[in-house]
Amino acid sequence: MTLLPTLQARFRQALAPLTENPEPWLEMIRRAQDDRFGDYQANFAMALGKQLDKKPHELAAEVVARLDVADICHPPEVAGPGFINLRIKDEWLVARLTAALNDPRLGIETTVRPRVFVVDFSGPNVAKPMHVGHIRSTVIGDALCRILRFIGHTVISDNHIGDWGTQFGMIIYGYKHFRDENTYRTRPVVELARLYRLVRQLTDYFDAKEKLPELQQRYGEKQDELNAQTIAATPQQGRKVDKKLREAVQKLEKAVKEAVDEIASADKKIAEVDSSPALAQLAAEHPDIKRSGQAETAKLHAGDAENYRYWQEFMPYCLDDIERLYRRLYVHFDHTLGESFYRSMLADVVEELQRRGIARESQGAVCVFLEGHPAPMIVRKQDGAYLYASTDLATIRYRVERWKLDAILYVVDHRQSLHFQQLFAAARLLGNDKLELQHVNFGTVLGKDGRPFKTRAGDTVGLEGLLDEAILRAARIVAANDDAKPDGAELSPEQRACVAETVGIGALKYADLSQNRTSDYEFDYDKMLAMNGNTATYMQYAYARVRNIFAKGDIDVEQLRGSGAAIALSSPAERALGLELLRLGDALNATVVDYRPNHLTAYLFDVANSFSSFYERCSVLKAETPELRNSRLLLCDLTARTILKGLELLGIGAEEKM
Ligand code: ARG
């Protein structure tokens, strides 16, 4: 039984005669900020009072009179302007804790409304450098899958990899002209990545050269305009500068700055090639590389046998490469149906859109015009090529037909918001109005300099380097801790290595998950591996600390659980811990409301903190009586299992001994 929904159900009954829709008011029942006001607090009387034209205090009293919570709470109190304070009875807490203790699911029932979810996450573009954003998607998506499954939903994880994009044309071109046969034979992925980067670099070089004059001209124009406007906006005696004029100047300043940045970036791309004799020679020999790369992609898409053979040859290497990363992160996908899987369905989807009047031709392209969007969503280009959006529409159709879905979650970078808004709008026009489509977006991972975080090489190897570094740093922490143990080090070198892996990977994942996903966050090894604070490391040590109590006392917890020993909440610290341990269900519910795992990490942090306070104040193995000792051991047991389960639902491991 989950605490908050239980209270909400009781309030729902009490509110029924007063309002037709009690739901928004039920949202205002929360955990009390300060335990002087009880354990939970309902704050709706002020706002509802206004709506019903009743005094909040009287309304609160009226609700309380009707509220039937005598089995759960002490008599509710109305305080201040109309807060309803609830204090849960110890008997009820003990009964729930006992039930949780004897349940592998820790007292969490599965949902009464199970749904079918597809979670679309990770989705790297294979053979192209993967960036940290893909790790973020992988970690968040995997945690959401685990949590939704635990709650009782059916979850299908699907990795919508980019395996049919323009990168293949570039690689095929590179393979034909620049390959190093030796490296390709021994380390194919490394060679393919090099070829991609090389062709990309040369393509960017010609692009930059082509665009530079235009950029310079725009810079000149904007600078002239700015000069003129600045003069106009210079305050003359006794005259105030118009706000509009000032804003125009600011806008121009921004445009000039942007032009300067773009010119600098183009200059850099040109210089990189010009300054290297080898690259400059390749550029001279392949002046048409951009068009040729595109032509290779077009040939592949048109079914050219040779290019298709190349693609088939490269794909297993590319898949192995990303699979290695998933293995290290212990992430698994039920399906990896990438863009290529849908290629034969695209024509049909576009045809359907046209037939149903959802898309129409405009300047040779096929477009879906959507209300509220100035630009249409293009589903077929002038030259007949299909796009990311066409594939995503085909994907929705396929998923709906195959799995009879209720929801698709797309765990993708916030920069793709517009794409998903348009995609969802078009999918609704196609009749998917009962399907929940969610862009579970997330912010950018930043480096210490506040700019988007980049690994040195910016590729998968680089990403694996991040994991290596986290594990290396974790190993140092683990060793230092082990060495500092009062009775000497306990861990063998193998054990240390194993713990370091769990701690390092856990830290990396937790750092991602504990952020409000929509904000940017700074990648910082020291912070993520901190022994104190809201980190996996802190949680893992808390877990090991509890397990250590059992080891030290030579206690068989299973036996203790079955022995009929009872939990007693004999002090405020024990009661606070007990109450916290019953909130796991609430934390999980909060997590899936808007798909934010940071609700769960925040909860685990609260549990670990409550445990710390409890452990500081209450002796466990040396408790005053055997009954108290057993009760406290049971609280310890439930704490350890709650932390372990919470971490597991985040895709993070824990070790018995650290
Ligand atoms: N390949 C895309 C990228 O790297 C992400 C794919 C997300 N999923 C989707 N169905 N669009 O940006």
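Numbering of ligands and ligand atoms starts at 1, following listing order. Sequence positions, counted from 1, serve as the residue numbers for this chain.
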Between ligand 1 and the protein, tabulate every N or O atom pair separated by less than 3.5 Å, reporting distance only.
{"unit_1": "ligand 1", "atom_1": "1 (N)", "unit_2": "G123", "atom_2": "O", "d": "2.8"}
{"unit_1": "ligand 1", "atom_1": "1 (N)", "unit_2": "N125", "atom_2": "OD1", "d": "2.8"}
{"unit_1": "ligand 1", "atom_1": "4 (O)", "unit_2": "G123", "atom_2": "O", "d": "3.3"}
{"unit_1": "ligand 1", "atom_1": "4 (O)", "unit_2": "N125", "atom_2": "ND2", "d": "3.2"}
{"unit_1": "ligand 1", "atom_1": "4 (O)", "unit_2": "H134", "atom_2": "NE2", "d": "2.9"}
{"unit_1": "ligand 1", "atom_1": "8 (N)", "unit_2": "D120", "atom_2": "OD1", "d": "3.1"}
{"unit_1": "ligand 1", "atom_1": "10 (N)", "unit_2": "D120", "atom_2": "OD2", "d": "2.8"}
{"unit_1": "ligand 1", "atom_1": "10 (N)", "unit_2": "D392", "atom_2": "OD1", "d": "2.8"}
{"unit_1": "ligand 1", "atom_1": "11 (N)", "unit_2": "Y388", "atom_2": "OH", "d": "2.8"}
{"unit_1": "ligand 1", "atom_1": "11 (N)", "unit_2": "D392", "atom_2": "OD2", "d": "2.8"}
{"unit_1": "ligand 1", "atom_1": "12 (O)", "unit_2": "Q416", "atom_2": "NE2", "d": "2.7"}

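Of the candidates F442, F333, Y326, Y595, F333 is the only one forming a ring-ring contact (aromatic ring centres under 6.0 Å, His included) with F121.
A perpendicular orientation is assigned to the rings of Y308 and W164, their planes being inclined by more than 60° (bins at 30° and 60°).
Expressed to the nearest 0.5 Å, how far CD of Q515 lies from CZ of R136 amounts to 6.5 Å.
In this structure, a donor-acceptor pair under 3.5 Å is present between the side chains of N441 and R517.
Here Y410 and F424 bring their ring centres to under 6.0 angstrom of each other.
Within the 3.5 Å criterion, the main-chain N or O of T502 finds a donor-acceptor partner in the side chain of Q540.
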